[in-house]
2 protein chains.
Amino acid sequence: MTTRYGTRPTMKDVAARAGVGLKTVSRVVNGEAGVTSDMTARVQGAIAELGFRRNDSARLLRKGRTASVGLLLEDIADPFSGQLSRAVEAVARAHGSLLFTGSSGEEARREQELALAFCARRVDGLVVVPAGDDHRYLLPELAAGIAAVFVDRPAQLIDADAVLTDNVGGARDGVAHLIRHGHRRIAFLGDLPHIHTAAERLSGYRQAMAAADLPVDEDWVVMAPTDPSVVAASLDRVTGGPAPVTAVLCGNNRITLGVLRRLPSMVRRPALVGFDDLELADLLTPGLTVVAQDPAALGRAAAELLFHRLEGDHAAPRRVVLPARLIPRGSGETAP
Amino acid sequence: MTTRYGTRPTMKDVAARAGVGLKTVSRVVNGEAGVTSDMTARVQGAIAELGFRRNDSARLLRKGRTASVGLLLEDIADPFSGQLSRAVEAVARAHGSLLFTGSSGEEARREQELALAFCARRVDGLVVVPAGDDHRYLLPELAAGIAAVFVDRPAQLIDADAVLTDNVGGARDGVAHLIRHGHRRIAFLGDLPHIHTAAERLSGYRQAMAAADLPVDEDWVVMAPTDPSVVAASLDRVTGGPAPVTAVLCGNNRITLGVLRRLPSMVRRPALVGFDDLELADLLTPGLTVVAQDPAALGRAAAELLFHRLEGDHAAPRRVVLPARLIPRGSGETAP
DNA sequence: CTGAAAGCGCTTACAG
DNA sequence: CTGAAAGCGCTTACAG
């Protein structure tokens with residue numbers, strides 16, 4: 001190789017070396033037909049000697065698409081995000097696209113920064129687990145042809161594709177399950193109320209209680225940050241006081257973790273159903289009963305819808321809702 | 001906005017609309033000094049009217065760097081990868097870079113495909129959890145100035161930066177811990193032996209046994225795929241037969257999961273130390289004793305080293321080794 | 001079958 | 001302070 005450090009050969013260099021025109025190099029590199037085997041050999045020789053590799057960024061600039069997709073998560077380290085990412089990656093790969101990934105950290109501003117940075121790179125499409133509550137900033141990008149599919153939570157203030165879990169139904173099933181096992185005083189520990197999934201699950205909780213003609217003491221509903229210490233305090237509150245609950249529905253996996261960590265130090269442990277499954281849930285004593293989402297199915301459906309759009313489907317925005325599944329393992333089947 | 005669907009305004013369009021030169025638009029967009037406020041206002045007006053957003057891909061082509069980094073993982077859905085990714089993302093973000101992400105699925109060919117695809121996009125650098133055992137395919141890319149840092153496992157057949165956990169020391173500590181609690185027959189269930197970390201941990205196991213003058217029955221060492229059924233069979237084998245072990249060191253988190261799932265159906269449960277921590281490890285009964293890596297620290301160190309290189313550090317390849325930490329929680333402290 | 005010219009959307013280097 | 005020309009590394013459209 002004749003390359004100096006930090007300098008790459010271009011097609012022009014290859015053409016000069018092989019003594020052919022630039023376009024002939026392009027033809028060989030792209031495997032286009034209509035080049036004599038003699039020419040092809042000369043070009044391939046020059047490519048090998050120079051260590052040439054086509055610059056796909058330049059190529060894609062000219063072609064007008066980038067063969068890349070931006071995936072915007074809440075937190076890539078969360079198991080939910082990991083499963084979802086793997087599914088999106090698999091679909092993107094099948095369509096020849098690379099993946100930009102970023103985490104919003106549940107911050108609207110960070111979400112917007114990242115989404116627009118992806119758009120500035122001219123990704124073909126966006127898969128977004130939204131953190132913010134106003135997605136109008138994306139309108140010019142959508143109008144310019146960037147496809148976007150929202151996952152887990154819908155877009156706000158714009159009409160866009162969304163792939164969601166049936167959060168209302170899932171929470172309803174979880175609470176109904178506790179009621180079937182004899183509980184009448186049931187708490188809901190949820191994430192901050194402005195988060196769409198948190199609000200939906202709270203709504204499912206209320207529906208199930210109402211359907212069973214059970215009153216809801218508003219002290220049983222805590223919508224708060226998911227730090228372990230906050231969750232522990234909430235749990236103490238709903239299980240203590242004048243009207244202690246005998247069962248708890250946890251609004252997401254982080255809240256479930258906080259509750260699980262607090263339980264050992266409690267005298268009377270409430271029955272427990274968690275929203276979102278956990279890796280070792282079946283190995284706990286008792287096993288953890290959960291309302292499980294299917295993050296891989298969410299990711300796959302979202303990515304497939306996205307590529308459908310990229311392939312020219314311009315129908316009205318679609319909303320896909322996947323079911324949540326109750327998995328009884330013990331913690332939700334104890335009597336009051 | 002006057003944009004037709006699927007067509008974006010360019011700086012040229014903005015210049016025409018504002019009645020100024022292209023370079024003046026560039027100056028305003030990039031916040032360069034030396035533009036009269038009158039000009040600036042006209043340009044900003046045109047930008048707003050047209051919904052212009054600079055094409056960073058075009059910009060970066062001209063600039064010669066892409067402000068992006070490729071992160072190559074084994075499996076984005078693995079908790080180890082998730083933690084590591086978050087740390088890499090945080091560092092990349094601090095340096096104004098976006099992240100391409102991809103999973104090799106422990107396949108050498110897929111690793112190479114992805115790494116070279118990232119290079120073809122001209123990422124500035126690569127953070128790689130390698131799957132393959134021959135990384136010479138990267139030599140032309142490195143020579144051309146793409147920086148690469150390997151994490152968790154070193155590069156093979158090339159001399160490159162690497163950030164690793166002290167796998168030998170960690171495994172040694174885990175086995176020494178079991179020996180201190182009275183065990184003399186200890187099994188090692190590891191991943192396939194060609195995987196660097198698996199081999200290193202096996203080596204640590206042997207060192208600890210040798211240091212305590214304990215013989216190793218080769219039937220106690222199983223290096224195999226990490227599917228739950230394979231792990232279960234291996235566990236049955238080492239705890240049954242003529243010389244049953246009383247304790248087991250698991251070579252990674254997937255193997256630990258397989259063992260944990262098998263334990264409930266066993267009559268005599270061996271003492272257990274797992275390599276890699278698990279989210280609910282402290283809530284199991286007994287708590288799971290582990291040799292914990294720090295995936296976030298690995299990711300941070302790797303990314304920081306990478307950007308150091310990108311900022312001009314051309315010193316000889318470096319190898320950074322981070323300690324593993326034994327966390328006793330119960331499963332590793334039971335007597336034989 | 002082959003290649004010179006123009007262009008993708010920007011920035012750089014240089015005049016005015 | 002402002003802008004026309006050239007160029008980043010490719011592909012497209014068009015001649016020969």
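Residue numbering restarts at 1 for every chain, and letters A, B, ... go by the order of the sequence lines.
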Discussion item. At 4.0 Å (heavy atoms only), tell me whether B:Arg54 reaches a base, stays on the sugar-phosphate, or touches nothing.
Written reply: sugar-phosphate
Worksheet item: CD of B:Glu32 versus C1' of C:dA13: gap in Å, rounded?
Response: 13 Å
Worksheet item: What is the distance, rounded to the nearest whole Å, between atom CG of B:Leu22 and atom P of C:dT11?
Response: 9 Å
Worksheet item: Who is the Watson-Crick or G-U wobble partner of D:dG3, with both distances under 3.5 Å?
Response: C:dC14
Worksheet, complete the sentence: What one should report as the nearest heavy-atom pair of A:Leu98 and B:Leu114 is CD2-CD2, 4.0 Å
Worksheet item: Distance check: side-chain N/O of A:Lys12 vs OP1/OP2 of D:dG9, anything under 4.0 Å?
Response: no
Discussion item. If I take atom CE in residue B:Met11 and atom C1' in nucleotide D:dG7, what distance separates them, rounded to the nearest angstrom?
Written reply: 16 Å
Worksheet item: Between B:Gly21 and A:Arg59, which is nearer to the 5' end of DNA chain D once each is assigned its nearest nucleotide?
Response: B:Gly21
Discussion item. For a 4.5 angstrom cut-off between non-hydrogen side-chain atoms, does A:Ser104 reach A:Arg109?
Written reply: no
Item to complete: Mind calculating the distance between CG (B:Leu61) and P (C:dT12) to the nearest angstrom?
Response: 12 Å
Worksheet item: At under 4.0 Å between heavy atoms, what does A:Lys63 touch on the DNA or RNA strands: base, sugar-phosphate, or nothing?
Response: sugar-phosphate
Worksheet item: Is the distance from OP1 or OP2 of D:dG7 to the nearest side-chain N or O of B:Arg62 less than 4.0 Å?
Response: no
Worksheet item: Under 4.0 Å: is that the gap between some side-chain N or O of B:Asn55 and OP1 or OP2 of C:dC8?
Response: no
Practice prompt. For A:Asn30, report the nucleic acid contact type (base, sugar-phosphate, nothing); a contact means any heavy atom under 4.0 Å.
Written response: sugar-phosphate
Worksheet item: Hey, does the side chain of A:Thr66 reach the backbone of A:Arg122 with a donor-acceptor pair shorter than 3.5 angstrom?
Response: yes
Discussion item. Can you tell me if A:Ser26 touches the phosphate of D:dT11, counting only side-chain N or O atoms and a distance under 4.0 Å to OP1 or OP2?
Written reply: yes
Discussion item. Both B:Val20 and B:Arg122 contact DNA chain D. Which one's nearest nucleotide lies toward the 5' end?
Written reply: B:Val20
Practice prompt. For the pair A:Glu141 and B:Arg8, evaluate salt bridge (charged side-chain N to carboxylate O under 4.0 Å, His left out) and give the outcome as yes or no after the intermediate values.
Written response: CA-CA 9 Å; A:Glu141 310 300 324; B:Arg8 306 196 68 125; 2.7 Å; yes
Item to complete: Establish, with yes or no, whether the OP1 or OP2 oxygen of D:dG3 is under 4.0 angstrom from a side-chain nitrogen or oxygen of B:Thr24.
Response: yes
Discussion item. Below 30° counts as parallel, above 60° as perpendicular, anything between as tilted: where do the rings of B:Phe307 and B:His95 land?
Written reply: parallel
Practice prompt. For A:Arg42 and C:dT2, give me the distance from atom CZ to atom C1', rounded to whole Å.
Written response: 11 Å
Worksheet entry | For atom CZ of A:Arg121 and atom P of C:dG9, their distance in whole Å | 17 Å
Worksheet item: B:Lys23 has an atom NZ; how far is it from atom C1' of C:dG9, in whole Å?
Response: 14 Å
Worksheet item: Are OP1 or OP2 of C:dT2 and a side-chain N or O of A:Thr36 less than 4.0 angstrom apart?
Response: yes
Worksheet item: Whole Å only: how far is the CZ atom of B:Arg27 from the P atom of D:dA4?
Response: 11 Å
